[in-house]
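Since the structure comes first, as structure tokens, the remarks are kept for the end.
Just so we're on the same page: letters track the sequence lines, and every chain starts at 1.
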Number of protein chains: 2
Amino acid sequence: MDDAAMIPAVNEDKAALATSFVKCLVRLLRAQDSYGAWEGKPDPELLADFIVTKEQRREIPIIGDPDPDVLWRLDVYYTAVGLAIEERTGLMASPMMKISHEGFGRVLLTAGRLVVLSKTLRDVHRFGFETFRTLAEAGTRLVDDAIAAIEIYPDAARA
Amino acid sequence: MDDAAMIPAVNEDKAALATSFVKCLVRLLRAQDSYGAWEGKPDPELLADFIVTKEQRREIPIIGDPDPDVLWRLDVYYTAVGLAIEERTGLMASPMMKISHEGFGRVLLTAGRLVVLSKTLRDVHRFGFETFRTLAEAGTRLVDDAIAAIEIYPDAARA
């Protein structure tokens, strides 16, 4: 949480991009760049599709089927949460996601025998964040909550 | 486990059908019978598609895509495991299953924050059991293992 808080607005993006969660996200995206096509691309460009401004959101129909791109972003996003959890706890947190073709579903992240994150997803076709800051904050919050759960149930998480 | 053990072979089917796991399975199947089409059907007939004899298995190609019927049976099967867990512990165990179109995947059953069952699935297109007894034993074993996990981590299961 405190990673991205209390930064003057002008440096907000920079601070967001420096959070460990966003760094994990960028690392995962770059890992998929098998042919080096994105090598010269700066991080903000790589993450551009995760940003959906209010204006853009207004243009997306309220009901819609998610396309493969947005499902892929959702998958990378929750995998990044798992990776950030692993960085801070040493425990591998693997995601399992099930989304209906209508964009409704559920995601679980488990470490050992512990469910570290369980979330109902809806309106997946509109998945995105208004700014880099909200992207970083939302991800960091999920990571923090998961780590809090691991601290409460360390034995189940290590089982 | 002991539900179906040490019964003379002749009564084997009857004993298998009387296990709490198979009863849960039958109850779930009957719950889907919205129009009463199966009302006169005895339990063994309802469960017939879960039985794949050695001869039948030999006729199924080794590699194949699962059809919707077998995916439905798999879903009902693991939901029955969850239901049997609930009957014995009072804790709702909800399944989450993800199967690729090639019949490879994973199923998780969670109770509270505890993963009570985690299983990799493969060759799903050949899902089935040789006899009612093996069906009952396999399901009962999953239920017993899940309950053992709940007993080890009661707090996480009740979270």
ask   = When hydrophobic residues are tied together by side-chain contacts of less than 4.5 Å, even through go-betweens, does B/Val52 share a cluster with B/Val70?
value = no
message = In the structure I gave you, are the side-chain heavy atoms of A/Leu108 and B/Leu108 within less than 4.5 Å of one another anywhere?
response = yes
query = Considering only heavy atoms, which portion of A/Ile99 lies under 4.5 Å from any heavy atom of chain B: side chain, backbone, both, or neither?
reply = neither
message = Quick check on the hydrophobic clustering: are B/Val107 and B/Met96 connected, directly or via other members, by side-chain heavy-atom contacts under 4.5 Å?
response = no
remark   = When the 4.5 angstrom heavy-atom criterion is applied to B/Ala157 and chain A, the contacting part is neither
query = Among the clusters formed by ILVMFWY side chains lying less than 4.5 Å apart, do A/Phe104 and A/Ile60 turn up in the same one?
reply = no
ask   = Where do B/Val115 and A/Gly112 come nearest, in terms of heavy atoms and distance?
value = CG2-O, 4.4 Å
note = Using a 4.5 Å side-chain heavy-atom cut-off and chaining through intermediate ILVMFWY residues, the residues clustered with A/Ile63 come out as A/Ile62
Counting distance alone, with no hydrogens or angles, which donor-acceptor pairs between chain B and chain A are under 3.5 Å?
from, atom 1, to, atom 2, distance (Å)
B/Met97, O, A/Lys98, NZ, 2.8
B/Lys98, NZ, A/Met97, O, 2.8
B/Arg113, O, A/Val115, N, 2.7
B/Arg113, NH1, A/Val115, O, 2.5
B/Val115, N, A/Arg113, O, 2.7
B/Val115, O, A/Arg113, NH1, 2.5

ask   = Applying the 4.5 Å side-chain criterion to the ILVMFWY set and letting contacts propagate, would A/Val143 and A/Ile152 be lumped into a single cluster?
value = yes
